[in-house]
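Notes follow once the structure below has been shown.
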Amino acid sequence: MQDRGIVRRIDELGRLVIPKEIRKVLRIKDGDPLEIYASKDQLVLKKYSPICSLTEYAKSVADGIENLTEKTCFVTDGDALVYTSNSKYKEFEGRDLSEQMEKILKERKSVMISRSDGGHIVPIVKGNDMEAENQIIVPIITNGDCFGAITLFDKDKTARFTSGDLNLLRLGASFLSSYLD
């Protein structure tokens, strides 16, 4: 027997309720934008990621930051890792963000962490610690809404990130946020 899913009726205003179970699985929250596609006899709803629409810009920003700092740079949207400047970590692209990373995005604050100073490195994606010694996370914020983050990390135990590194990531985040207006 073919799986038919959950059946819902459209009301007189054209609205459709997405069941709570499906919203939970897909991590769709109140106010989240959805893209709607029609194809022959199918209607497809897809969670919309403004950062994903800027993938080429995100790649340029991350690659530029890596070229300047010689450190690995990541760009995330609010749910997943969108791009990494280091081919070693390409397998993590598309993976869901860790709960700790989601918390930082909710707080909308930049953080600079060093393990040598007793800090705890924040895993970017679920189920993986990328073994960093130093990390900077800068949220990408537009009109008060956080759409993702730029993260820089380093494995060197003797090095520390500087305020210049933090400002470079803030510039990258500002550049990307300007395209989200």
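Each residue takes its place number in the sequence, starting with 1.
- Ile136 places a side-chain heavy atom less than 4.5 Å from the side chain of Asp165.
- With sequence neighbours excluded, the residues forming a side-chain contact (heavy atoms from CB on, under 4.5 Å) with Ile22 are Ile6, Ile18, Pro19, Leu26, listed by chain and number.
- Taking a 6.0 Å sphere around NZ of Lys90, one finds it holds more than 12 heavy atoms contributed by other residues, nucleotides or ligands.
- Scanning for side-chain contact (heavy atoms from CB on, under 4.5 Å) contacts around Lys20 gives Arg23, with sequence neighbours left out.
- Residues passing the side-chain contact (heavy atoms from CB on, under 4.5 Å) test with Gln100, sequence neighbours excluded: Ser98, Val122, Pro123.
- Among pairs with a residue in residues 148-159, those fulfilling salt bridge (Lys or Arg N to Asp or Glu O under 4.0 Å) read Lys71-Asp154, at least two apart in sequence or across chains.
- Distance check: Ile10 CD1 to Glu12 CD gives 11.5 Å after rounding to the nearest 0.5 Å.
- The closest side-chain heavy-atom distance from Ile113 to Asn134 is not below 4.5 Å.
- For the residue pair Gly172 and Val61, the shortest heavy atom distance occurs at CA-CG1, 3.8 Å.
- The nearest pair of heavy atoms linking Gly94 to Ala80 is O-CB, 3.8 Å.
- Side-chain contact between Leu166 and Ser110 is present, with at least one heavy-atom pair separated by less than 4.5 Å.
- Annotation for Ile137 and Ala149: closest pair CG2-CB, 4.1 Å, computed over non-hydrogen atoms.
- Under the rule for a side-chain hydrogen bond (donor to acceptor under 3.5 Å, both in side chains), Ser60 has no partner lying at least two apart in sequence or in another chain.
- The shortest non-hydrogen separation linking Asp77 to Val82 is N-CG2, 3.4 Å.
- Leu171 belongs to no hydrophobic cluster, as no Ile, Leu, Val, Met, Phe, Trp or Tyr side chain comes under 4.5 Å of its own.
- For the pair Ile140/Leu180, a side-chain contact is recorded, criterion being any heavy-atom separation below 4.5 Å from C-beta on.
- Contact of the Leu97 side chain with the Asp79 side chain is not registered, since no non-hydrogen atoms from C-beta on lie closer than 4.5 Å.
- Here Val44 is tied into one hydrophobic group with Tyr37, each link being a pair of ILVMFWY side chains closer than 4.5 Å.
- Checked by atom type and distance alone, the side chain of Arg95 never pairs as donor or acceptor with a backbone atom of Leu81 at under 3.5 Å.
- Partners of Arg15 according to the side-chain hydrogen bond (donor to acceptor under 3.5 Å, both in side chains) rule, which considers only residues two or more places apart in sequence or in another chain, are Asp11.
- Between Leu169 atom CG and Leu152 atom CG the span is 5.0 Å, to the nearest 0.5 Å.
- For the side-chain hydrogen bond (donor to acceptor under 3.5 Å, both in side chains) test, residues two or more places apart in sequence or in another chain that qualify with Ser85 are Glu66.
- Within the structure, every pair that satisfies the ring pair (Phe, Tyr, Trp, His ring centres under 6.0 Å) test and touches residues 66-86, not counting sequence neighbours, is listed here: Phe74-Tyr89, Phe74-Phe153.
- Tested against Ile121, the residues Glu133, Glu131, Gln135 include a single side-chain contact (heavy atoms from CB on, under 4.5 Å) partner, Gln135.
- Val75 and Tyr179 fall within the same hydrophobic cluster, defined by Ile, Leu, Val, Met, Phe, Trp and Tyr side-chain heavy atoms under 4.5 Å apart, directly or through other members.
- With sequence neighbours left out, the side-chain contact (heavy atoms from CB on, under 4.5 Å) criterion links Asn67 to no other residue.
- Every residue was checked against the side-chain hydrogen bond (donor to acceptor under 3.5 Å, both in side chains) condition with Asp30, not counting sequence neighbours, and none meets it.
- Thr76 has its side chain within reach of Met101: a pair of non-hydrogen atoms, C-beta onward, lies under 4.5 Å apart.
- Here Leu43 contributes atom CG and Leu16 contributes atom CG; the two are 8.0 Å apart, rounded to the nearest 0.5 Å.
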(request) For side chain to side chain contact (heavy atoms under 4.5 Å, CB included), just list the numbers for Tyr57 and Leu176, CA-CA rounded to whole Å, side-chain angles, deciding distance to a tenth of an Å, and then say yes or no. (result) CA-CA 7 Å; Tyr57 294 120; Leu176 291 174; 3.8 Å; yes
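- Using a 4.5 Å cut-off on side-chain heavy atoms (C-beta onward), Val138 and Arg170 make contact.
- Taking each heavy atom of Ile150 and Ala173 in turn, the nearest pair found is CD1-N, 3.3 Å.
- Using a 4.5 Å heavy-atom cutoff, the side chains of Glu93 and Thr84 are in contact.
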